[in-house]
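Step one of this worksheet: look at the structure below.
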Amino acid sequence: CAAMMQGQTSDWKIAGPCTFHRVVLKNASPHHYMKVHLELEDNSNRLSAVELKHFIIAGLKNLHGEVGAALNFDVLKYDEGSLTALLRVHSSGLVKLWSSLTLLGSYQNQSCAFRVLQVSPFLLALTGNSRELQLH
Amino acid sequence: MAVFMDLNLMFSADRTRISKLLETAAHLGFSTVAINYMFEPTLPLQEIPVPKPINELIDQLPVVQGRSRPIRVLNRLTVVVSDPSHYRPNAPEYRRFDLLAVQPTSEKLFHAACMLYDIDIICISVTEKLPFFFKRAPINGAIDRGVMFEVSYSAAIRDSTMRRYTIANAASLTDSCKGKNVILSSAAEKALELRGPYDITNLGLLFGLSDGDAKEAVSSTCRAALLHAETRKTASGIVYTARSQQEAPSDPPEGQFWCRSELSIRVSDKNVTSTCAGDTPAAKRVKTT
């Protein structure tokens, strides 16, 4: 913060304390965000964002029926090259969406698997992954 | 926190397939896996399989994600019992395996497996409609003896009919055992049939387990099964020691921290269930037989 930066050059006591924001959620957060990666048997196969969403809805419908297919979720971001997507879902539907992703096993008659990389109630948390940190 | 385990990876003679399975399991975060050898005495010309040494299956064990140590690989035998003569108590062939499981096909054999057989795991069939109901008495007996029930999920990934059976059978099991002593494992033949530990935990919610029980089903319940397997090889129980380090008071004499190491001894006994906890003091868990 700016106050601290100035304080470093002159006197510590003059500069005010570093402002610190603490965010407290009184209720459970409304959404959950998931970062998923689709692993396909045949790597040459590419699918578009629309196809991906259609595939996930088909999986939801397979496991939870029409009620599951009516679940609201969004594909916020999708990278065709790495087949990695960011999904947003209401917290109440997280278990349904996640379980249907887990049990999705085949795409167009070839086996596939969804690897759930990260799940968080905060979108900001998905900017980095502590498991990929290179510690020296 | 207990580490994650998957106590059922199907054995196949194909070396590349096994090494791919182990690599995927390590990448997903499983610290311990067991390679499962199926034995069905009803099939003609069947002999109890002999486990292959791990170094013949894979050259170098992959490193588990998030912990810088290689994956631990065990051997496990599953006997499909459809006749009381199929399970041979104290058979020397069973001793070569770290874990021993049975898959009973009738109510009578399920009862015997729960109450009498010296085994670690009872597999619940997930590829057919249950031929019998789970009764409370044998299940409580199995829980008292520390025998685990295993539900595998890869059949549910392969086929939608199997998925129905898996969910139905698992739900009826968790109804009768109230979520205790349940293990979730993969029974995967291919790497793409494996799922991560947190995915399985979430799947456990679908089977009617509670949040805590679902997580234990891939971690500490599995550890309890391994400890139970070790007691099978000994007379009555095993003693585990773990070193715990304690920090000195905040102002150490020479400006240095010194460590005092002490041994905490954990005893797991054959007749004590859920020896896995590791949090309860040892004295509480020691029980005279």
Side-chain angles (χ1 to χ4, degrees), chain A residues 28 32-43 45 55-56 58-65 67-68 71 83 87 89 91-121 125 129-136, chain B residues 4 17 20-21 23-30 63-68 126 151-168 170-171 184-211 214-215 218:
Chain A
H32 267 71
Y33 300 87
M34 310 176 78
K35 194 180 205 176
V36 297
H37 163 66
L38 179 60
E39 202 171 302
L40 290 170
E41 199 177 24
D42 173 22
N43 277 325
N45 211 336
F55 180 45
I56 296 176
L60 271 169
K61 193 170 174 180
N62 244 329
L63 189 63
H64 298 288
V67 182
L71 188 75
L83 290 173
L87 310 178
V89 65
S91 296
S92 57
L94 177 73
V95 173
K96 277 185 180 173
L97 178 68
W98 196 347
S99 55
S100 67
L101 288 178
T102 308
L103 289 180
L104 269 175
S106 68
Y107 175 69
Q108 292 179 349
N109 291 326
Q110 59 163 324
S111 44
C112 73
F114 267 105
R115 302 285 179 226
V116 178
L117 304 176
Q118 280 171 291
V119 180
S120 171
N129 188 349
S130 61
R131 293 181 192 177
E132 287 165 5
L133 292 179
Q134 297 286 328
L135 301 173
H136 290 293
Chain B
F4 295 118
R17 180 176 278 194
K20 192 86 195 296
L21 264 178
E23 268 164 31
T24 313
H27 180 72
L28 289 172
F30 289 106
V63 172
V64 180
Q65 187 202 43
R67 10 186 88 230
S68 52
V126 291
V151 178
S152 57
Y153 62 84
S154 74
I157 293 173
R158 272 179 233 140
D159 186 286
S160 86
T161 319
M162 302 295 166
R163 182 180 301 172
R164 278 208 307 272
Y165 294 144
T166 306
I167 296 174
L184 294 175
S185 67
S186 68
E189 289 170 0
K190 292 189 293 181
L192 279 177
E193 287 167 1
L194 273 174
R195 293 294 183 269
Y198 295 102
D199 297 357
I200 301 168
T201 307
N202 184 71
L203 199 64
L205 302 179
L206 214 66
F207 294 159
L209 294 169
S210 69
D211 282 305
K215 195 169 181 195
V218 278

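Numbered from 1 within each chain, the chains take letters A, B, ... in sequence-line order. None of the values given here were measured: they were computed from a predicted structure.
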>> Under 4.5 Å from any heavy atom of chain A, what part of Thr201(B) do you find: side chain, backbone, both or neither?
In response: neither
> Taking all non-hydrogen atoms of both residues, which atom of Gln118(A) and which atom of Ala125(A) are closest, and how far apart?
Replying inline: NE2-O, 3.6 Å
>> Sort by residue number and list every residue of residues 157-166 of chain B having at least one heavy atom under 4.5 Å from chain A.
In response: Ile157(B), Arg163(B)
>> Pair Lys96(A), Val89(A) - check side-chain contact (heavy atoms from CB on, under 4.5 Å), show working.
In response: CA-CA 10 Å; Lys96(A) 277 185 180 173; Val89(A) 65; over 6 Å; no
> Going through the checks in order, is the side-chain contact (heavy atoms from CB on, under 4.5 Å) test met by Tyr153(B) and Thr102(A)?
Replying inline: CA-CA 10 Å; Tyr153(B) 62 84; Thr102(A) 308; 5.7 Å; no
> Is there a donor-acceptor contact under 3.5 Å from the side chain of Ser154(B) to the main chain of Ala187(B)?
Replying inline: yes
>> Between Leu63(A) and Leu206(B), does the side-chain contact (heavy atoms from CB on, under 4.5 Å) criterion hold? Intermediate values first, please.
In response: CA-CA 10 Å; Leu63(A) 189 63; Leu206(B) 214 66; 3.9 Å; yes
> Where does Ser106(A) contact chain B at under 4.5 Å (heavy atoms): side chain, backbone, both or neither?
Replying inline: neither
> Can Thr24(B) and Arg115(A) be said to form a side-chain contact (heavy atoms from CB on, under 4.5 Å), step by step?
Replying inline: CA-CA 11 Å; Thr24(B) 313; Arg115(A) 302 285 179 226; 3.8 Å; yes
> By a 4.5 Å heavy-atom criterion (distance strictly below it), what part of Ile200(B) contacts chain A: side chain, backbone, both, or neither?
Replying inline: neither
> Are there more than 12 heavy atoms of other residues, nucleotides or ligands under 6.0 Å from atom NE2 of His64(A)?
Replying inline: yes
> Which bit of Leu192(B) is near chain A, if near means a heavy-atom gap under 4.5 Å: side chain, backbone, both or neither?
Replying inline: both
> Can you name the closest pair of heavy atoms from Arg195(B) and Ala113(A) and give their distance?
Replying inline: NH1-CB, 3.4 Å
